[in-house]
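What follows is a single structure, written as C-alpha cells, with notes after it.
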Amino acid sequence: VQLQACGGGLVQAGGSLRLSCAVSGSVVSVNALAWYRQAPGKQRDLIAGISRSQITRYADSVKGRFTISRDNAKNTMDLQMIRVEPEDTGVYYCVANIWVDYSDEHSREYWGQGTQVTVSS
C-alpha cells in the first residue's frame with residue numbers, strides 16, 4: 001500500500017493550489033483521510049481531515065480557505081487551497097487509515113511522502 005501526493009509548487013499569496021493524494025495497492029477499506037502540514041522549523045500539524053462518510057474538519061488557520069474532498073471509489077483525496085498565505089508554506093503530507101486485509105485485526109495509518117508548497121508574498 002502506498003500513498004502518493006502531488007500538486008505542490010510555488011504560488012503567490014492570494015492564489016490557489018490543489019493537492020491530490022492517491023492510495024495504491026490492494027486494500028479492504030480506506031477509512032479516515034487527512035492532510036498534515038509541516039512548516040519550516042515547526043512540528044507537523046493536522047490541517048484537514050475527512051471521514052469515509054464525508055464528514056470534514058479543519059484547523060482554524062485554514063477554515064474557509066481550504067476544502068478537503070475524497071472519492072471513495074477511486075481511493076483519492078484532494079485539498080483545494082484558495083487565498084493562500086505565506087504562512088501556508090510547508091510540506092504537505094497525506095495520511096490514510098487503511099484496513100489492508102481481512103485477516104488484519106486493526107486498520108493502520110499510512111503516510112505519503114509529502115509535497116512542498118511555497119507561498120510567496
Side-chain angles (χ1 to χ4, degrees):
V1 177
Q2 287 189 326
L3 270 66
Q4 183 69 41
C6 63
L10 176 63
V11 61
Q12 286 191 329
S16 301
L17 203 62
R18 189 177 187 92
L19 306 182
S20 296
C21 177
V23 177
S24 62
S26 178
V27 301
V28 174
S29 174
V30 177
N31 304 319
L33 292 164
W35 288 97
Y36 280 71
R37 177 174 69 200
Q38 187 164 23
K42 296 188 177 181
Q43 67 181 21
R44 200 172 294 183
D45 292 324
L46 173 69
I47 59 168
I50 185 167
S51 70
R52 185 167 180 81
S53 59
Q54 308 287 349
I55 297 173
T56 60
R57 56 176 175 152
Y58 298 93
D60 288 343
S61 61
V62 306
K63 278 181 183 176
R65 300 187 299 117
F66 291 9
T67 302
I68 189 172
S69 60
R70 66 185 291 169
D71 185 327
N72 289 335
K74 297 179 180 179
N75 286 336
T76 59
M77 167 178 64
D78 288 342
L79 185 70
Q80 179 65 50
M81 307 162 63
I82 64 171
R83 301 197 309 273
V84 296
E85 303 167 353
E87 291 74 21
D88 295 322
T89 293
V91 179
Y92 285 69
Y93 297 90
C94 58
V95 185
N97 183 277
I98 300 174
W99 188 19
V100 177
D101 190 90
Y102 286 107
S103 64
D104 292 339
E105 290 188 0
H106 305 286
S107 58
R108 305 176 193 177
E109 191 171 82
Y110 291 81
W111 288 71
Q113 84 287 359
T115 184
Q116 176 71 44
V117 173
T118 303
V119 182
S120 63
S121 57

Would Arg37 and Phe66 satisfy side chain to side chain contact (heavy atoms under 4.5 Å, CB included), going step by step from the backbone distance to the final call?
CA-CA 13 Å; Arg37 177 174 69 200; Phe66 291 9; 4.0 Å; yes
Identify the two heavy atoms, one from Thr115 and one from Gly8, that lie closest to each other, and give their separation to 0.1 Å.
OG1-N, 3.2 Å
Which residue pairs pass the side chain to side chain donor-acceptor pair (under 3.5 Å) test with at least one member in residues 2-13, sequence neighbours excluded?
none
Closest non-hydrogen atom pair between Ser107 and Asn97, with its separation
OG-OD1, 2.7 Å
Is there any salt bridge (Lys or Arg N to Asp or Glu O under 4.0 Å) pair reaching into residues 107-121, and which pairs are they, with sequence neighbours excluded?
Asp104-Arg108
Do the side chains of Tyr110 and Val100 get nearer than 4.5 Å, heavy atoms only?
yes
Shortest non-hydrogen separation from Ala34 to Ile68 and the atoms involved:
CA-CD1, 4.4 Å
Tell me the salt bridge (Lys or Arg N to Asp or Glu O under 4.0 Å) pairs involving residues 54-65, sequence neighbours left out?
Asp60-Lys63, Arg65-Glu85, Arg65-Asp88
Note: Leu33 and Ala96 closest approach over all heavy atoms is CD2-CB, 3.3 Å
Between Leu46 and Trp35 the two heavy atoms that sit nearest each other are CD1-O, 3.6 Å
Not counting sequence neighbours, which residues clear ring pair (Phe, Tyr, Trp, His ring centres under 6.0 Å) with Tyr58? List them please.
none
Going by the rule side-chain contact (heavy atoms from CB on, under 4.5 Å), which residues pair with Ser26 if we only count those two or more places apart in sequence or in a different chain?
none
With side chain to side chain contact (heavy atoms under 4.5 Å, CB included) as the criterion, how do Tyr93 and Leu3 come out once you've worked through the C-alpha distance, each side chain's angles and the decisive distance to 0.1 Å?
CA-CA 9 Å; Tyr93 297 90; Leu3 270 66; over 6 Å; no
Cys21 and Cys6 SG atoms less than 2.5 angstrom apart
no
Any side-chain heavy-atom pair of Val1 and Val23 under 4.5 Å:
yes
By side chain to side chain donor-acceptor pair (under 3.5 Å) - contacts of Ser16 (at least two apart)
none
With sequence neighbours left out, write down each residue that passes salt bridge (charged side-chain N to carboxylate O under 4.0 Å, His left out) with Arg83, or none if nothing qualifies.
none
Show me the pairs that pass salt bridge (Lys or Arg N to Asp or Glu O under 4.0 Å) and involve residues 42-53, at least two apart or across chains.
none
Can you list everything that forms a side chain to side chain donor-acceptor pair (under 3.5 Å) with Ser121? Sequence neighbours excluded, please.
none
Those residues that, when tested against Glu87, pass side chain to side chain donor-acceptor pair (under 3.5 Å) (two or more places apart)
none
Might you work through the side chain to side chain contact (heavy atoms under 4.5 Å, CB included) test for Gln116 and Thr89, ending with a clear yes or no?
CA-CA 8 Å; Gln116 176 71 44; Thr89 293; 4.1 Å; yes
Under the salt bridge (Lys or Arg N to Asp or Glu O under 4.0 Å) rule, what pairs show up with a residue in residues 68-79, not counting sequence neighbours?
Arg18-Asp78
Gln113 meets the side chain to side chain donor-acceptor pair (under 3.5 Å) criterion, sequence neighbours left out, with none
Which atom of Gly90 lies closest to which atom of Pro40, heavy atoms considered:
CA-CD, 4.4 Å
